[in-house]
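Note that the numbering runs from 1 along the sequence shown for the chain. The analysis underlying the following values was restricted to heavy atoms, covering all of them including side chains, and did not include hydrogens, waters or symmetry mates. None of the values given here were measured: they were computed from a predicted structure.
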Amino acid sequence: MTPSIDPELVETRLRDLGQVTVSQTVSLFKGATFALAAVLLLEIALTPDDRGLLLVLWLSSFLLAMTSYNAHINNSVIDFHESVAGVTIVVVQMMVELVLFATLTPRAAEPWRLWVAVYGLFCLVTAARLRFFPLDRGSRIDPRLKPMLDVLDRERARNAWRMVPIAIASFAVSVPILLLPRSSPWPQGLALACGIVTGLWSANGLRGMHRQREMLARMLREITPAPAP
């Protein structure tokens with residue numbers, strides 16, 4: 001029997017449209033990102049020039065991509081009424097992430113010199129996403145969920161403001177990396193230091209995503225009535 005199309009069905013699909021679009025967009029780009037990462041890892045392993053530096057930057061990029069992926073997975077639980085602009089900035093964020101890996105292509109022109117600047121751009125775009133695109137915009141919220149969503153909103157705001165100075169610092173450090181001659185040891189040293197710090201920051205971000213998931217489960221258990229015996 002063919003199901004009838006009624007306002008309730010359309011309303012349900014419209015409610016979930018934004019979140020479904022974001023999930024599909026993230027899945028599409030993450031597949032491309034991890035495929036590119038695998039190809040680049042093989043290229044780096046077979047190229048002796050700057051191998052150590054490129055491996056560190058690759059690992060940092062991979063940890064960053066995993067943190068971003070888990071953040072989107074966590075957000076899918078509470079992401080409602082996503083706007084077209086919100087989906088667009090997610091696309092921009094994923095594109096910048098792809099470029100981050102693309103700079104690690106072993107080439108004589110040393111595209112790795114752009115890595116720190118691209119990372120700064122990623123932080124800036126992510127901060128804009130966190131600060132200006134709330135997940136529950138326009139939704140009617142059950143009062144029982146309000147405390148949990150308030151906690152998540154405050155956490156998103158804190159993370160947004162943390163990423164702004166990181167972006168500014170990355171742009172500042174990228175200037176000598178881009179301008180100093182190849183004979184100088186400073187570009188490699190600065191890029192290596194930034195890669196290590198970024199990798200540690202992203203690894204801590206992965207732990208934060210796990211803690212956030214546990215917090216969501218705990219707060220939901222507290223507001224959900226226990227089943228009758």
Side-chain angles (χ1 to χ4, degrees), residues 8 11-31 33-34 59-83 85-87 89-91 93-94 96-97 119 122-167 196-229:
E8 288 74 19
E11 182 184 17
T12 300
R13 291 193 175 186
L14 182 61
R15 180 197 63 198
D16 297 336
L17 177 62
Q19 194 278 321
V20 169
T21 304
V22 169
S23 296
Q24 291 177 343
T25 300
V26 171
S27 297
L28 175 67
F29 276 99
K30 287 299 181 181
T33 298
F34 292 137
L59 180 59
S60 298
S61 302
F62 183 78
L63 290 172
L64 178 68
M66 290 299 300
T67 303
S68 168
Y69 192 27
N70 278 276
H72 282 290
I73 291 174
N74 284 9
N75 288 340
S76 67
V77 178
I78 55 169
D79 190 358
F80 299 103
H81 292 283
E82 188 70 76
S83 65
V87 174
I89 198 168
V90 170
V91 172
Q93 183 188 37
M94 296 295 100
V96 175
E97 195 175 286
Y119 172 70
F122 178 86
C123 290
L124 207 58
V125 173
T126 302
R129 160 76 174 163
L130 293 173
R131 185 67 184 87
F132 300 113
F133 297 89
L135 300 178
D136 55 355
R137 175 178 292 174
S139 302
R140 294 190 300 272
I141 301 173
D142 189 306
R144 294 173 298 171
L145 287 172
K146 188 91 168 49
M148 183 182 76
L149 297 181
D150 287 343
V151 169
L152 292 174
D153 285 342
R154 288 194 295 269
E155 187 173 312
R156 285 168 63 85
R158 282 196 302 269
N159 288 334
W161 289 118
R162 286 172 186 163
M163 300 193 86
V164 172
I166 294 174
I196 292 172
V197 172
T198 300
L200 293 174
W201 172 268
S202 298
N204 185 63
L206 278 174
R207 293 179 56 205
M209 292 302 101
H210 179 70
R211 289 194 300 268
Q212 185 184 77
R213 199 169 299 181
E214 290 184 330
M215 181 198 71
L216 288 172
R218 185 184 68 253
M219 297 186 77
L220 283 174
R221 284 196 302 269
E222 292 173 353
I223 64 177
T224 303

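Note that CG of D153 and NZ of K146 are 8.0 Å apart. Values are rounded to the nearest 0.5 Å. In this structure, CZ on R162 lies 14.5 Å from OG1 on T126, to the nearest 0.5 angstrom. Note: W161 CH2 to R156 CZ = 14.0 Å, rounded to the nearest 0.5 Å. Distance check: L216 CG to R221 CZ gives 11.0 Å after rounding to the nearest 0.5 Å. Atom CD of Q93 sits about 7.0 Å away from atom CZ of R129, to the nearest 0.5 Å. If you take CE on M94 and CG on L28, they are separated by 11.0 Å, rounding to the nearest 0.5 Å.
The residues D150 and R154 are annotated as not salt-bridged, no charged nitrogen and carboxylate oxygen being separated by less than 4.0 angstrom.
In this structure E155 satisfies the side-chain contact (heavy atoms from CB on, under 4.5 Å) test together with R158, N159, Q212, sequence neighbours excluded. Among residues two or more places apart in sequence or in another chain, the side-chain hydrogen bond (donor to acceptor under 3.5 Å, both in side chains) test is passed with T33 by none. Every residue two or more places apart in sequence or in another chain that forms a side-chain contact (heavy atoms from CB on, under 4.5 Å) with A128 is listed here: I89, F132. Every residue meeting the side-chain contact (heavy atoms from CB on, under 4.5 Å) condition with M219, not counting sequence neighbours, appears here in chain and number order: M148, V151, M215. Partners of F122 according to the ring-ring contact (aromatic ring centres under 6.0 Å, His included) rule, which considers only residues two or more places apart in sequence or in another chain, do not exist here. A search for side-chain hydrogen bond (donor to acceptor under 3.5 Å, both in side chains) contacts involving N204 returns nothing, not counting sequence neighbours. Residues passing the ring-ring contact (aromatic ring centres under 6.0 Å, His included) test with Y69: none are found, sequence neighbours excluded. The side-chain contact (heavy atoms from CB on, under 4.5 Å) search around L59 returns L63, not counting sequence neighbours. Taking the side-chain hydrogen bond (donor to acceptor under 3.5 Å, both in side chains) definition, one finds that N70 meets it with R213, sequence neighbours left out. With sequence neighbours left out, S60 forms a side-chain hydrogen bond (donor to acceptor under 3.5 Å, both in side chains) with no residue at all.
Looking at heavy atoms from C-beta onward, Y119 lies out of side-chain contact with V96 at the 4.5 angstrom threshold. Considering only heavy atoms from C-beta on, I73 stays 4.5 Å or farther from M209 through its side chain. F29 is not listed as a side-chain neighbour of Q24, based on a closest heavy-atom distance of 4.5 Å or more.
Of all heavy-atom pairs spanning M66 and F34, the tightest one is SD-CZ, 3.6 Å.
Counting heavy-atom neighbours within 6.0 Å of R207 CZ, excluding the residue itself, gives a total of 12 or less.
Under a 3.5 Å cut-off, the side chain of S27 and the backbone N or O of S23 do form a donor-acceptor pair. Using modelled atom types, one side-chain atom of T67 and one backbone atom of S202 make a donor-acceptor pair closer than 3.5 Å. Without hydrogens or angle criteria, K30 side chain to A65 main chain gives a donor-acceptor distance under 3.5 Å.
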